[in-house]
**Student:** 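What follows is a structure written as structure tokens; I'll ask about it next.
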Amino acid sequence: MASVSLHAVSKSFGTHAVIQGVELQIDDGEFVVFVGPSGCGKSTLLRIVAGLVAPSSGIVAIGGDDVTDVPASRRGVAFVFQSYALYPHMSVARNIGFALETLGMARDAVSQKVLGVARMLKVDHLMDRRPRELSGGQRQRVAIGRALVRQPEIFLFDEPLSNLDSDLRMEMRLEIARLHTELKTTMIYVTHDQSEAMTLADRIVVLNQGRVEQVGTPQQLYHAPDNRFVAGFIGSPRMNFLNVSSRQEGEVAVLTGAGNLSLALTTGDAQSGIAEIGIRPEALRLVAEGEGRIACILERVEDLGHEHFGYCRISDGTVWVIRLPQAPLPDRIGKPAGLDFAGSAVYAFAADGRRVAVGAGHVAEGPQP
Amino acid sequence: MDTATLSRPLRKPSSFHRAKRRIVRGLQIFALLLVLVYTLFPYYWAFVSSTKQGAALYHSALVPALDFTYYRQLIDNPIFMGSLLNSAYVAVCTTFLSLVIGVSAAYALGRIEFPQRRAVLMIVLMISIFPQVVVLSGMFELINWFGLFNRPSALILTYLLSTVPFTTWILTTFIREFPRELEEAAIIDGCSHFRILTKILLPLMGPSLASTGILAFILAWNEFLFALTFTLTDENRTVPVAIGLIAGTSRYEYPFGQIMAASVTVTLPLIAVVLVFQRRIVAGLTAGAVKG
Ligand SMILES: Nc1ncnc2c1ncn2[C@@H]1O[C@H](COP(=O)(O)OP(=O)(O)OP(=O)(O)O)[C@@H](O)[C@H]1O
Ligand SMILES: [Mg+2]
């Protein structure tokens, strides 16, 4: 087991800066998830930790030792690839045991260890098969087994479940969580699946264009995002945003915007420069026309059985998603309605995306139109 | 009217489609037979001719006479048997060396990013575009400097000139398409470059190695011009040259039957090689490595 720390790590491919000055400290035994939009550099950062990609500058340390120039095989890491990357010409048993075989371990010892790992992952009945004769989930288990058998200090997963269907994904997610509780090994996990990130992570690292936007527990990121990017990225369905213009009146910012928005927020300092507000779908309430804080038209309702989403168009064309307690009457669809929300549910952002603190309970009633 | 243009064409009865499928199938088989006859007839003709004696040669009968005198003569001919050995030595060595060089070059060209990579690939291709005749005299000088004139080894050296470019090209393509993650998995598993090559790449390269190897083997086995130029004495000749120089018992007799028998004989090793290796040429070995 080991901690990982990245100090001022950057990576460019030619002129294209993929990772830009990443600072990160991962504790021993922690489960850290990297999330971010496609192409933001998650895989690259993970490969830098693994030693498969050398950083252009910066320091990578594992267990307190500088390993920037240590080859991947000497870092004590195991990597699970998105494509599984099983050796197609070897049996399952040999795939799992290949690393030990490479180390020169005796054949008996290897097969004993392989069997132990295979039992643990429930693939011991498949030992003689080739990877192409396995299902996706079985391949994934074998790939994890190959990582496990070396008893690594750090597990690295690069979107390991994204090739599986949703049932299997949930099952494997539980399995990985169980593995982490049992082994208490440091794990770094890349995904773009919200629920994987929220359920597995001790801490989530949100990456955007090669920079760390925020690091924190899932709850911190959900309830207290640092900026508009994190606010919009964490949470599903995503947060609703609306451009506003703000007028400062002493300690209060009076916000106006589309849909006859009427809102005043206590900001403390003068000149908060709020340019945008965000509200999560679950904080919104559908009310009658003319009531609430924003006027809209209820365009569409999705009934998923256990939950219901409404899509509301506001006068500037923005569509907001609301989570409804139950499906509204059909005759409300296509009609004007109002949206109400508690002032404490409002996230405010400056023009540069920075979040402006508007402490809960500091909400003033706005002017009614 | 709109309805007229929208209405579907009348659906033909099922029997119509069945008949159509049968006709197409028949045509396919006919085309296949045509190609087979076209490719196999010369070889069959050589076989027929090789089993005929004397004047029978000049009747163009299609049935073999099954008289194997010429074959017996060939087996008793030490020069011909020697040339078979020479050919085998030259072809096997050429194949082996061009695969070794081709794999190493392809690994570098397909995996390691260096600025001159494109240039090197182009040069490799350029080497193979010169006709043999152009390089012949230059090669002759080279062979003399190395002191290899009139040795089978000289042929290996010259054949590499033709075989290495195409083995390198084909194998480079293979390695570039080889999933990088497999290699990275091997690196994480602690493999050196050499172990990756021998334990991961080579086993998976079987099909491409077999096909390029067969091509190199055939080229080296059949080559005539270099073999004729760089060997002087009978005991160093390869089979194509030996066949070309088979002489009749008298000046006025053209040893047609013997030549045909020799031609048939030298093709047999090629057929054997292809049959042995074709089982390795099974596509889709890498299937299952990546999601499938
Ligand atoms: N070997 C490489 N050479 C050049 N550019 C590369 C290389 N590897 C990655 N990149 C670029 O770096 C950027 C980040 O790639 P990376 O694979 O880390 O993204 P990612 O966050 O993992 O995306 P995804 O979620 O789609 O997997 C991409 O723009 C990609 O084109
Ligand atoms: Mg990726």
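As the structure is a prediction and not an experimental result, all values here were calculated from the model. Chain A is the first sequence line, chain B the second, and so forth, proteins listed ahead of strands; every chain is numbered from 1.
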**Student:** In terms of heavy-atom proximity below 4.5 Å to chain B, should Arg47(A) be classed as side chain, backbone, both, or neither?
**Tutor:** side chain
**Student:** What distance separates Asp189(B) CG from Ile96(A) CD1, expressed to the nearest 0.5 Å?
**Tutor:** 11.0 Å
**Student:** Quick one: closest heavy-atom pair of Ala85(A) and Ala185(B), and the distance?
**Tutor:** O-CB, 3.9 Å
**Student:** If the test is side-chain contact (heavy atoms from CB on, under 4.5 Å), which one of Val77(A), Leu156(A), Val80(A) qualifies with Ile188(B)?
**Tutor:** Val77(A)
**Student:** Quick check on Ala78(A) against chain B: is it the side chain, the backbone, both or neither that has a heavy atom closer than 4.5 Å?
**Tutor:** backbone
**Student:** Non-hydrogen atoms of chain B under 4.5 Å away: do they reach the side chain of Glu133(A), the backbone, both or neither?
**Tutor:** neither
**Student:** Assess whether atom NE2 of His193(B) is packed by more than 12 heavy atoms of other residues, nucleotides or ligands within 6.0 Å.
**Tutor:** no
**Student:** Please check if atom CD in Gln132(B) has more than 12 non-hydrogen atoms from other residues, nucleotides or ligands closer than 6.0 Å.
**Tutor:** yes
**Student:** Are there over 12 heavy-atom neighbours, none belonging to Met105(A), within less than 6.0 Å of that residue's CE?
**Tutor:** yes
**Student:** With a 6.0 Å cut-off (strictly less than), is the heavy-atom count around CZ of Phe96(B), excluding the residue itself, greater than 12?
**Tutor:** no
**Student:** Taking the side chain as every heavy atom from C-beta outward, state whether Pro88(A) and Leu182(B) have any pair of such atoms under 4.5 Å apart.
**Tutor:** yes
**Student:** For Leu52(A) and Glu181(B): C-alpha separation, side-chain torsions, deciding distance, then whether side chain to side chain contact (heavy atoms under 4.5 Å, CB included) applies.
**Tutor:** CA-CA 10 Å; Leu52(A) 293 171; Glu181(B) 295 194 336; over 6 Å; no
**Student:** Within a 6.0 Å radius of atom CZ on Phe194(B), are there more than 12 heavy atoms belonging to other residues, nucleotides or ligands?
**Tutor:** no
**Student:** Going from CZ on Phe98(A) to NZ on Lys199(B), what distance comes out if it is rounded to the nearest 0.5 angstrom?
**Tutor:** 7.0 Å
**Student:** Answer yes or no: does atom CZ of Arg111(B) have more than 12 heavy-atom neighbours from other residues, nucleotides or ligands under 6.0 Å?
**Tutor:** yes
**Student:** Please determine whether the number of non-hydrogen atoms from other residues, nucleotides or ligands lying under 6.0 Å from atom CZ of Arg25(B) exceeds 12.
**Tutor:** no
**Student:** Tell me the closest heavy-atom pair linking Gly190(B) and Ser73(A), and the distance in Å.
**Tutor:** CA-CB, 3.4 Å
**Student:** Hey, what do you get for NE2 (His89(A)) to CG (Leu202(B)), rounding to the nearest 0.5 Å?
**Tutor:** 9.5 Å
**Student:** CD/Glu184(B) to CZ/Phe79(A) distance, rounded to the nearest 0.5 angstrom?
**Tutor:** 7.0 Å
**Student:** When rounded to the nearest 0.5 angstrom, what distance separates CZ in Arg180(B) from OG in Ser83(A)?
**Tutor:** 12.5 Å
